[in-house]
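Only a predicted model underlies this, so the values are computations on that prediction, with no experimental measurement involved. Within every chain, numbering begins at 1; the chains are lettered A, B, ... in the order of the sequence lines, protein sequences first and strands thereafter. Atom set for the values below is all heavy atoms of this structure, side chains included, hydrogens, waters and symmetry mates excluded.
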There are 2 protein chains.
Amino acid sequence: MRDQILDEATELFARQGYDGTSLNDIAAGVGIKRPSLLHHFPSKDALYGEVFEKMLSEWLERVEDAIASPGSGWERFSAVLTSGFDLFVDNPAYVRLMRREALEGGDRLGIDLVGVVTPLFDAAVDWLEGEMAAGRFRAIDARHVLITAYASLLGYVSDAPFINGLINDDALAPAALAARRSHVLDLFHRALAPESGTSAGSLTSLGS
Amino acid sequence: MRDQILDEATELFARQGYDGTSLNDIAAGVGIKRPSLLHHFPSKDALYGEVFEKMLSEWLERVEDAIASPGSGWERFSAVLTSGFDLFVDNPAYVRLMRREALEGGDRLGIDLVGVVTPLFDAAVDWLEGEMAAGRFRAIDARHVLITAYASLLGYVSDAPFINGLINDDALAPAALAARRSHVLDLFHRALAPESGTSAGSLTSLGS
DNA sequence: GTCTATATTGGGATAGAC
DNA sequence: GTCTATCCCAATATAGAC
């Protein structure tokens with residue numbers, strides 16, 4: 001029951017936001033009444049907190065798997081980018097929850113979203129700069145590359161309801177997702193390719 | 001007074017969302033009580049509707065100015081991109097309001113956000129594809145290019161509170177904004193550059 | 001674990017005085 | 001135009017029966 005409640009709450013908080021979701025909505029979604037729900041969680045805040053912590057821990061687990069992948073240069077960058085995109089696509093509710101938190105600065109209810117993400121971000125920056133120094137990537141602002149990657153992939157999923165209208169198609173359908181993935185990979189492939197003439201660090205082909 | 005209320009409402013709806021903002025908050029922000037506010041606007045929905053329509057009309061005006069700019073190829077693309085970014089930066093509250101609407105699909109309160117944006121989007125797609133056919137841009141999925149540009153620029157501004165924490169700096173400070181602009185321009189400059197060897201359509205330098 | 005009943009708060013909206 | 005007073009309703013939360 002606890003897990004059912006957590007799942008329903010995740011879905012509704014993601015779709016309607018914290019203030020737009022009542023405990024009645026969540027309780028009704030799992031077929032119980034509000035007081036029964038409050039038997040499992042002491043308050044709405046506490047429920048939201050658990051939803052968010054569960055999301056963070058599941059994501060961190062997958063991210064750590066992804067960055068543990070071997071390789072260097074473009075091979076590794078594209079693998080991590082693909083894993084990140086798959087992570088988003090597999091959890092659209094999480095993506096929208098995350099987007100809502102980012103909009104509010106990520107310090108809701110004492111959850112330090114920035115504190116959790118910053119170490120990963122800094123490690124990625126260090127790695128990128130190391131690859132640039134080794135000549136495998138062109139010299140380019142690593143922080144902005146990562147922010148662009150984050151925005152391009154997360155934004156596509158979080159705003160899918162809106163993008164559906166723009167492209168007059170289901171943005172989260174398999175074919176559309178594949179197109180998106182290869183587009184973003186192609187973009188960064190070009191952005192990171194060393195200037196032509198540099199022999200040591202030419203990038204391999206796109207792969208997928 | 002009406003304008004004061006609209007400004008305050010824009011700011012609070014952008015920061016806290018529709019459900020997270022009470023008429024008390026807005027009224028207090030302009031120094032009156034709730035019933036006085038309801039003398040100017042018949043309901044909360046109506047107030048939000050006016051906020052949103054005002055935003056749309058101001059944006060459309062500036063966008064139409066921007067796309068009226070002359071030139072072709074990279075010269076025009078970069079000019080429009082820069083104008084779009086400036087538009088976002090000048091109106092961070094609008095950006096966050098827009099992002100919230102996109103999250104919910106853009107069909108709140110009968111406002112057809114998709115219907116307003118689609119013609120502009122389609123026109124931009126047509127133009128890009130024409131430039132590709134003319135050899136001034138590389139052949140690349142025009143829709144995805146535009147979605148990436150939208151996400152890269154809008155996401156940077158809408159998630160500024162979060163990005164502040166990541167880069168440990170003010171993401172909306174002039175220097176950071178200049179860095180962001182040149183990064184994104186550089187990215188698209190490379191993405192759109194025709195394959196080397198094509199003589200007719202080489203891109204000019206970055207400009208700014 | 002789930003429920004009914006209830007306390008309490010806060011928000012949207014209206015009536016009517018000034 | 002602004003206010004006080006009031007109505008109505010929805011929401012969080014608690015008490016206590018089963």
So [X] and [Y], would you call those rings parallel, tilted or perpendicular, with 30° and 60° as cut-offs?
X: Phe88(A); Y: Trp59(A); answer: tilted
X: Phe77(B); Y: Phe188(B); answer: tilted
X: Trp127(B); Y: Phe137(B); answer: perpendicular

Is the shortest side-chain N/O distance from [X] to OP1 or OP2 of [N] below 4.0 Å?
X: His39(A); N: dA13(D); value: no
X: Ser36(B); N: dC3(D); value: yes
X: Lys44(B); N: dG12(C); value: yes

Please pick, from [options], the nucleotide with the shortest atom-to-atom distance to any side-chain atom of [X].
X: Ser22(A); options: dC3(C), dT12(D), dA13(C); answer: dT12(D)
X: Leu38(B); options: dT4(C), dA13(C), dT4(D); answer: dA13(C)
X: Met1(A); options: dA13(D), dT2(C), dA5(D); answer: dT2(C)

| Mapping Pro42(A) and Ile32(B) to their closest nucleotides on DNA chain D, which lands nearer the 5' end? | Ile32(B)
Please give, in whole Å, the distance from [N] [atom2] to [X] [atom1]?
X: Lys33(A); N: dC18(D); atom1: NZ; atom2: C1'; answer: 16 Å
X: His40(A); N: dA13(D); atom1: NE2; atom2: P; answer: 16 Å
X: Asp19(A); N: dA11(D); atom1: CG; atom2: P; answer: 12 Å
X: Phe41(B); N: dG1(D); atom1: CZ; atom2: C1'; answer: 14 Å
X: Asn24(A); N: dC9(D); atom1: CG; atom2: P; answer: 16 Å

| task | Only one of Arg100(A), Arg96(A), Arg99(A) passes salt bridge (charged side-chain N to carboxylate O under 4.0 Å, His left out) with Glu104(B); say which it is. | result | Arg100(A)
| request: Salt-bridge test for Glu50(B) and Lys54(B): reply yes if a basic N is under 4.0 Å from a carboxylate O, no otherwise. | output: no
| Which part of the nucleic acid does Leu23(A) contact within heavy-atom distance under 4.0 Å: base, sugar-phosphate only, or nothing? | sugar-phosphate
| Is there a donor on the side chain of Arg34(B) or the base of dG12(C) sitting less than 3.5 Å from an acceptor on the other? | yes
